[in-house]
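The analysis underlying the following values was restricted to heavy atoms, covering all of them including side chains, and did not include hydrogens, waters or symmetry mates. Along the sequence shown, residues are numbered consecutively beginning with 1. Note that the coordinates shown come from a computational prediction; the quantities given were computed from them, not determined experimentally.
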Amino acid sequence: MDFDRFSSPFFFAVFFFLVFSRAEAYDYLDPTGNLTLKWDVISWTPDGYVAVVTMTNFQMYRHIMSPGWTLRWTWAKKEVIWSMVGAQATEQGDCSKFRGNIPHSCEKNPTVVDLLPGVPYNQQISNCCKGGVVSSWGQDPSAAVSSFQLSVGRSGSTNKTVRLPKNFTLLGPGLGYSCSQAKIVPPTVFLTSDGRRTTQAMMTWNVTCTYSQMLASRNPTCCVSMSSFYNSTITPCRTCACGCQNNSTCVPSDSTIQSVVGLNTATKDNTPLVQCTQHNCPIRVHWHVKLNYMEYWRVKISVTNFNYRLNYTQWTLVAQHPNLNNITQVFSFAYKPLLPYISANDSGMFYGVKFFNDILMEAGPDGNIQTELILQKDKNTFTLNKGWAFPRKVYFNGDECMMPLPDDYPYLPNSAPKNVIGLSFVISAFFLLELLAFW
């Protein structure tokens, strides 16, 4: 066999392309998570159709936060959007060819956003008008859906003449999602409110979008620091854990924050404006091994926001640790175990209690949240040695955080060596006393 060809740069380039192009959107703790767009054609019109588009977030712990989702696609022919309910196209485009009734959008590549809460009722449909905010499926399935309705013209008005839109792009709110081509599926079946009759869509197609942290950001967006009761050393986040930056792109901690122009103005892609730290991360998660009882042990988790530009709404925190299968009590956070695999029960999702701490405020005195866990010991596996008490992986808002190096984990102090000389001295003294008493 000619091994030289397998060691060529071209071979390795092809190999890494094949591996990472398929694996970049795979999430070990949420292997089936995706965001599905379903187009249901509910009626035909003289020159097109009326469709309801439903966006369902099947990701267990990754949600779409403010300023919300943005959806783009390319029409296959010369379609136009006559009207929309529950969402709107951001640009009308060139509609100069039309007289009288002007379409809502004539763009070849329309960009659609959700409507804000409080719009008039005649502009709303079910599951719309939340500013593009969509909850994760594990957090709240009832809020993990967003919908809108549109009337499409110049598209054909039969199953054989309609052409599916192409090149779907989803921003949620920044980069990270890649979407498949639309695929025709069996028509959706609807049940009437009285439950006695079913109807079905004229035509249905699906688009599946998956998330890749590599596409969303070149660097991690959070880091993990560690400490314990048995070691006075605090393991900080790794230096430049979220990428190195010069001082002109961060805010010194002792500066007057009000002097920063546009500080509290959120951007469409949530570009952070962070406090200057050695790790340069918007979010730091600190795991502290607090106490060790006879049958239980206690952990304190603190999350600190260093981003002056963003409040994290409906945040989620995911940890992978072998003892999460015996978690006994969680204080001030909601908790849900994640079971991506039948053979493993070592992962769990934490999130805020509604109207209490479900918003992580921007950097400052209120920019932190914390909880404590009590975990029951499994005497066959429990140990404080070799970093066992610390998590294997940590995710914040669906993005994996940068962990410290294994050699930097807080370690147990070395056990004291046996004092052989002291023991011999005690034994000799004992026999000497006995001998003196005998005399």
Side-chain angles (χ1 to χ4, degrees), residues 35-43 45 48-57 59 63-73 75 79-95 98 100-137 139-153 155 165 168-174 177 179 188 190 192-193 201 207 209 264-270 309-315 354-355 358-359:
L35 199 149
T36 300
L37 304 172
K38 184 177 66 170
W39 289 57
D40 289 314
V41 177
I42 57 176
S43 64
T45 60
Y49 59 86
V50 176
V52 173
V53 181
T54 304
M55 180 186 301
T56 306
N57 185 11
Q59 299 174 110
H63 63 283
I64 297 178
M65 61 181 182
S66 180
W69 55 262
T70 300
L71 182 63
R72 300 190 183 109
W73 65 83
W75 291 118
E79 292 90 338
V80 295
I81 301 176
W82 282 114
S83 62
M84 297 190 72
V85 180
Q88 63 181 358
T90 58
E91 296 183 11
Q92 185 184 48
D94 183 8
C95 295
F98 293 86
N101 190 15
I102 305 299
H104 176 78
S105 175
C106 301
E107 285 284 311
K108 177 71 174 178
N109 305 293
T111 299
V112 173
V113 295
D114 193 15
L115 295 180
L116 298 175
V119 298
Y121 287 110
N122 62 351
Q123 299 179 28
Q124 299 183 26
I125 66 168
S126 178
N127 296 315
C128 85
C129 313
K130 297 179 287 187
V133 176
V134 183
S135 176
S136 62
W137 190 261
Q139 205 168 354
D140 186 0
S142 64
V145 181
S146 183
S147 300
F148 62 89
Q149 179 179 300
L150 72 168
S151 177
V152 180
S155 64
F168 283 88
T169 302
L170 175 67
L171 301 179
Y177 286 95
C179 298
T188 302
F190 304 99
T192 57
S193 58
V207 177
C209 301
N264 296 316
T265 304
T267 58
K268 187 61 180 175
D269 58 353
N270 283 337
R309 187 172 278 162
L310 185 63
N311 296 331
Y312 291 87
T313 59
Q314 296 182 349
W315 57 267
K354 197 170 185 179
F355 305 123
D358 59 336
I359 300 177

Donor-acceptor contact present, side-chain Ser105 to main-chain Glu91, <3.5 Å: yes

CG-CH2 distance between Asp358 and Trp315, expressed to the nearest 0.5 angstrom: 9.0 Å

Close side-chain approach of Ser147 to Val145, heavy-atom, < 4.5 Å: yes

Lys354 side, atom NZ; Ile359 side, atom CD1 - distance, nearest 0.5 Å: 11.0 Å

Residue pair Pro173 / Gly68: nearest heavy atoms and the distance that separates them: CB-O, 3.2 Å

Sequence-distant partners of Tyr312, ring pair (Phe, Tyr, Trp, His ring centres under 6.0 Å), two or more places apart: Phe396

Worked check of side-chain contact (heavy atoms from CB on, under 4.5 Å) between Ile64 and Leu35: CA-CA 10 Å; Ile64 297 178; Leu35 199 149; 3.6 Å; yes

Approximate separation, where rounding is to 0.5 Å, of Gln123 CD and Ser83 OG: 11.5 Å

Check: His63 side chain, Asn57 main-chain N or O, donor-acceptor pair, under 3.5 Å: no

Ring pair (Phe, Tyr, Trp, His ring centres under 6.0 Å) against Phe190, all qualifying residues, sequence neighbours excluded: none

Side chains of residues 106-117: which donor-acceptor pairs under 3.5 Å do they make with residues two or more places apart or in other chains?
from	atom 1	to	atom 2	distance (Å)
Lys108	NZ	Trp75	O	2.9
Lys108	NZ	Lys77	O	2.5
Asn109	OD1	Thr74	OG1	2.6
Thr111	OG1	Arg72	NE	3.1
Asp114	OD1	Cys129	N	3.0
Asp114	OD2	Lys130	N	3.0
Asp114	OD2	Gly131	N	3.4
Asp114	OD2	Gly132	N	3.0

Distance in Å, Asn127 CG paired with Phe148 CZ, rounded so as to fall on 0.5 Å steps: 13.0 Å

Nearest-0.5 Å distance, CD of residue Gln59 to OG of residue Ser136: 8.5 Å

Verdict with supporting geometry, Gln92 and Ile102, side-chain contact (heavy atoms from CB on, under 4.5 Å): CA-CA 10 Å; Gln92 185 184 48; Ile102 305 299; 3.4 Å; yes

Smallest separation among heavy atoms of Ile125 and Gln149, with atom names: CD1-N, 3.7 Å

Validation row: Pro103, Ile81 side chains within 4.5 angstrom (heavy atoms): no

Thr313 to Met65 - nearest heavy-atom pair and separation: OG1-CB, 3.9 Å

Pairwise distance CD(Gln314) to OG(Ser66) - rounded to 0.5 angstrom: 10.5 Å

Parallel, tilted or perpendicular: rings of Trp73 and Phe168 (30°, 60°): tilted

Intermediate values then yes/no, side-chain contact (heavy atoms from CB on, under 4.5 Å), Tyr49 and Trp39: CA-CA 11 Å; Tyr49 59 86; Trp39 289 57; 4.1 Å; yes

Taking every non-hydrogen atom, the tightest pair across Leu170 and Leu71: CD1-CD1, 4.4 Å

